[in-house]
Amino acid sequence: MKKTVTLLASIGLTFSLLTGCGESTPLLSAVDYELDLETTTTNRGVSVGDTPESFLTAYGEYRIFTSVDGGAYQALPTEEIPFDSDIVTLLPSFFIDGLSVDPDVFCEENEIEKADLLTFLTSEDYLKSHTVVYYYLAFTWENGSIIDIASQFMDFNADAAYYTAN
């Protein structure tokens, strides 16, 4: 149940991705979402027990979403992330046919409104000819240290009926 709630919350974050300030941010690759489950270490070398400095060295140039004390996720500038609080940081991405996509560029190229992205990506017609996967890395923090890391994904081709936009 917790994973489902987190997954649904991360989809909500996708809509936040769509409201970016027009700044171009680099995109993570599928390999960046790999997590060694034995050592709980990301492909970029971040692991449980690491500090904000290690995290920001690996992910500071990407759009990071932060939830403070279980509140709503928001994209905060890295210098405003309260790492000493109980927070969760997320790094979400859509992959279409194996490639990470920038939601702004995708919407422009497909002439769709940003608010319609999830509906577009989960439509039966689109999924007939494309593979759509939503990935995210979730870092749970307490007192300035990472206490847990999770790498999750949602395959819209397999699960789209369950995760439709309301």
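Y126 is linked by a ring-ring contact (aromatic ring centres under 6.0 Å, His included) to F120, H130, counting only residues two or more places apart in sequence or in another chain. A search for side-chain hydrogen bond (donor to acceptor under 3.5 Å, both in side chains) contacts involving T41 returns T39, not counting sequence neighbours. Under the rule for a side-chain hydrogen bond (donor to acceptor under 3.5 Å, both in side chains), Y135 has no partner lying at least two apart in sequence or in another chain. Taking E108 as the reference, nothing meets the side-chain contact (heavy atoms from CB on, under 4.5 Å) condition, with sequence neighbours excluded.
Put simply, V68 and I147 are part of two different groups of oily side chains (I, L, V, M, F, W, Y) that touch within less than 4.5 Å, one to the next. In this structure, F156 is a member of the same hydrophobic cluster as I112, with clusters built from ILVMFWY side-chain heavy atoms closer than 4.5 Å. Residues Y62 and L76 are members of one and the same hydrophobic cluster, defined by side-chain heavy-atom contacts under 4.5 angstrom among Ile, Leu, Val, Met, Phe, Trp and Tyr. By the criterion of side-chain heavy atoms lying less than 4.5 angstrom apart, applied directly or through intervening Ile, Leu, Val, Met, Phe, Trp or Tyr residues, L35 is grouped together with V133 in one hydrophobic cluster. Cluster annotation: V101 is connected to M154 through the hydrophobic network of ILVMFWY side chains, with a link wherever side-chain heavy atoms come within less than 4.5 Å.
Scanning all heavy atoms of the two residues, the minimum distance from V46 to A58 falls at CG2-CB, 3.5 Å. Smallest separation of non-hydrogen atoms from T131 and N157: CA-OD1, 3.2 Å. Counting all heavy atoms, side chain and backbone alike, G49 lies closest to S145 at O-OG, 4.1 Å. The two residues F95 and S100 come nearest to each other via the heavy atoms CD2-N, 3.2 Å.
The line from CD of Q152 to CG of L137 is 9.5 Å long, rounded to the nearest 0.5 Å. S67 OG to D69 CG: the interatomic distance, rounded to the nearest 0.5 Å, is 8.0 Å. Distance check: E113 CD to T119 OG1 gives 12.0 Å after rounding to the nearest 0.5 Å. Atoms OG and OH, on S93 and Y134 in that order, are 8.0 Å from each other to the nearest 0.5 Å. Note that CD of E142 is 10.0 Å distant from CG of D148, once rounded to the nearest 0.5 Å.
Between S47 and T40, the closest side-chain pair of non-hydrogen atoms is not below 4.5 Å. Between L99 and D97 the shortest side-chain heavy-atom distance does not fall below 4.5 Å. You'll find the side chain of V132 stays beyond 4.5 Å of the side chain of T122, heavy atoms only.
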Show which side-chain atoms of residues 77-92 pair as donor or acceptor with protein atoms under 3.5 Å away, not counting sequence neighbours.
residue: T89; atom: OG1; partner: W141; partner atom: NE1; Å: 3.0

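Separation of the Y59 and F139 ring centroids falls under the 6.0 Å cut-off.
Among residues at least two apart or in separate chains, salt bridge (Lys or Arg N to Asp or Glu O under 4.0 Å) pairs with a member in residues 35-55 are D32-R44.
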